[in-house]
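Both counts, for ligands and for their atoms, begin at 1 and track the order of listing. For the numbers below, each heavy atom of this structure counts, side chains included, while hydrogens, waters and symmetry mates do not. Only a predicted model underlies this, so the values are computations on that prediction, with no experimental measurement involved.
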Amino acid sequence: MEYQMTVKREGEFTYDIEWHNTFEGLGKAVEKLSLMSRKACIVTDSTVGPLYLNTVSRQLSPLFDKITSFSFPSGEAQKTLDTVKKLYTHLIEEHYERKDILIALGGGVVGDLTGYTAATYLRGIDFIQIPTTLLSQVDSSVGGKTGVDFDCFKNMVGAFHQPRLVYMSMETLHTLPDVQFSCGMGEVLKSGLIRDLPYYQWTLEHSRELLERKDEVLIRMIQGSCLIKKTVVEHDPTEQGERAVLNLGHTIGHAVEKLKNFEMLHGQCVALGTVAAAYISKERGLIDSEALSVIERGNRMFGLPCRFEGLALEEVLSATRSDKKMEQGKIKFILLNPLGHAVVDKTVTDDEMMAAIGYIQG
Ligand code: NAD
Ligand code: MG
């Protein structure tokens with residue numbers, strides 16, 4: 001094993017996150033769990049399956065009587081109850097029982113959908129996360145949020161359900177398309193900005209090695225992000241308060257994402273939304289203009305946008321209102337105060353948002 005971190009689950013349970021260069025250590029990592037399961041179902045998608053399913057099955061086959069796999073077409077459009085239903089059918093037909101286990105092999109879509117199925121099948125069975133995108137390694141695989149989209153509502157149906165293990169292999173990042181890598185970097189930069197300025201600065205200083213995807217530097221970076229997320233999530237596992245800071249850049253980011261009809265990816269929109277949030281923070285005197293330029297420079301270094309085109313200001317503003325992050329009709333906006341520390345603020349006005357949206361309009 002290369003590196004390891006332990007996260008508290010609900011009650012007295014904990015689980016480990018492990019970082020490796022390859023899948024070689026997977027068998028050992030799963031063996032340590034002393035599972036009672038005889039069967040494991042590897043859930044994956046049509047892109048990741050052909051790349052890694054055989055390797056992962058080979059690593060796990062000595063540990064189970066039977067391994068089955070369930071694959072669905074890749075993409076957010078499949079993160080639905082329909083796909084969950086097909087997976088339930090597979091599990092029932094293959095006689096999966098309460099002590100058996102699901103293994104999510106893929107990005108955030110596979111992780112969220114598998115986690116939700118695990119949370120609900122037979123009132124909850126165990127699952128393991130093997131995240132294969134940078135975004136899922138730094139964000140969605142840690143924290144226990146699982147779920148699917150419903151009609152056009154993102155993550156509308158879900159459950160909190162913690163995995164038994166998160167295993168990350170850096171080899172998966174070598175097949176990841178550049179645009180997906182950038183999206184993951186959007187979340188990495190966000191985590192530094194909300195809780196750890198030295199980590200943020202370290203990331204910018206190591207941009208060359210990171211963009212070359214050097215394993216050791218990637219592991220350090222991913223660990224840093226996971227540590228930040230773990231700390232925030234352990235304080236507030238079900239998002240009663242502090243966890244909301246993880247939504248930095250999401251209010252305006254989500255609005256743009258929705259209006260662009262998913263032509264811009266989530267991580268790109270979060271990066272853009274972060275510039276908007278930083279602009280409001282600067283206007284309120286919480287950070288200075290140099291800090292705002294640093295954030296824009298950081299985005300550009302990793303191929304992330306600072307501006308958008310082709311949408312009206314009013315349109316973006318009204319799209320922020322349907323955001324899930326509302327409390328009693330007030331938007332829980334995340335501001336920087338100061339740089340490297342995010343805070344929840346419910347007093348951001350429409351005028352402030354309009355000015356920020358105007359700022360990021362190219
Ligand atoms: P994704 O799972 O759709 O993966 C992006 C694309 O990359 C897909 O086409 C996938 O097939 C492909 N891919 C995955 N791994 C690959 C690899 N190693 N090599 C080549 N191609 C690969 O999307 P994502 O960006 O990983 O995750 C986004 C999802 O995560 C969204 O549904 C979002 O709602 C969710 N999310 C959840 C949380 C949470 O806390 N649960 C947090 C953030 C995001
Ligand atoms: Mg996000």
Side-chain angles (χ1 to χ4, degrees), residues 23 43-53 55-56 71-80 83 104-116 118-119 127 129-150 153-163 166 168-191 194 213 218 225-226 229-230 232-233 237-239 243-251 253-254 257-258 262 264-274 323-325 334:
F23 282 116
V43 182
T44 189
D45 71 22
S46 55
T47 308
V48 180
L51 293 168
Y52 303 110
L53 181 59
T55 314
V56 167
S71 177
F72 61 89
S74 55
E76 183 75 26
Q78 304 297 321
K79 204 176 104 173
T80 61
T83 310
L105 172 67
V109 166
V110 169
D112 280 10
L113 183 136
T114 309
Y116 180 67
F127 82 117
Q129 289 268 25
I130 306 182
T132 63
T133 61
L134 180 58
L135 185 131
S136 56
Q137 294 180 350
V138 298
D139 193 354
S140 59
S141 64
V142 183
K145 278 191 186 177
T146 73
V148 294
D149 305 331
F150 189 85
F153 303 103
K154 266 200 86 175
N155 301 323
M156 196 40 92
V157 177
F160 285 96
H161 192 55
Q162 307 290 347
V166 184
M168 306 190 197
S169 165
M170 293 306 111
E171 68 182 282
T172 61
L173 296 182
H174 298 290
T175 56
L176 194 66
D178 286 345
V179 63
Q180 297 293 347
F181 188 81
S182 282
C183 283
M185 286 307 304
E187 300 286 352
V188 167
L189 297 176
K190 181 200 77 179
S191 54
I194 63 178
R213 306 193 198 173
L218 286 172
S225 267
C226 290
K229 184 149 185 195
K230 162 184 141 85
V232 173
V233 166
T238 55
E239 197 161 328
R243 185 170 177 156
V245 298
L246 293 169
N247 296 326
L248 173 68
H250 281 62
T251 302
H254 262 164
E257 187 179 355
K258 200 158 31 173
F262 302 99
M264 277 174 84
L265 296 170
H266 178 72
Q268 297 172 317
C269 294
V270 169
L272 183 65
T274 300
D323 201 273
K324 257 191 302 162
K325 278 102 200 156
I334 315 302

Would you kindly specify which portion of [X] sits under 4.0 Å from ligand 1, judged on non-hydrogen atoms: side chain, backbone, both or neither?
X      : answer
Asp149 : neither
Lys145 : both
Lys229 : side chain
Lys154 : side chain
Thr172 : both

Sub-3.5 Å N/O-N/O distance, Asp112 and ligand 1: yes
Identify the protein heavy atom lying closest to [atom], giving its residue, its atom name and the separation to 0.1 Å.
atom                    : result
atom 10 (C) of ligand 1 : Asp45 OD2, 3.5 Å
atom 32 (O) of ligand 1 : Glu76 OE1, 2.5 Å
atom 23 (O) of ligand 1 : Gly108 N, 4.0 Å
atom 17 (C) of ligand 1 : Thr175 OG1, 3.5 Å
atom 43 (C) of ligand 1 : Asp139 OD2, 3.4 Å
atom 22 (C) of ligand 1 : Leu176 CD1, 3.8 Å
atom 1 (P) of ligand 1  : Val109 CG2, 3.9 Å
atom 28 (C) of ligand 1 : Leu135 CD2, 3.8 Å

Per-atom contacts of ligand 1 with [X], taking only distances under 4.0 Å to non-hydrogen atoms:
X     : result
Ser74 : 9 (O), 11 (O)
Tyr52 : 18 (N)
Lys79 : 31 (C), 32 (O), 33 (C), 34 (O), 35 (C)

Selected option - heavy-atom contact closest to atom 12 (C) of ligand 1, from Leu173, Leu246, Thr47: Thr47
Step-by-step side-chain hydrogen bond (donor to acceptor under 3.5 Å, both in side chains) determination, Thr172 to Ser169: CA-CA 6 Å; Thr172 61; Ser169 165; 5.4 Å; no
Derivation and outcome, side chain to side chain contact (heavy atoms under 4.5 Å, CB included), residues Ile334 and Lys190: CA-CA 11 Å; Ile334 315 302; Lys190 181 200 77 179; over 6 Å; no
Angle in degrees, rounded to 10°, that OE2 of Glu187 and NE2 of His250 form at the Mg ion (ligand 2):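 Value returned, to the nearest 10°, is 110°.
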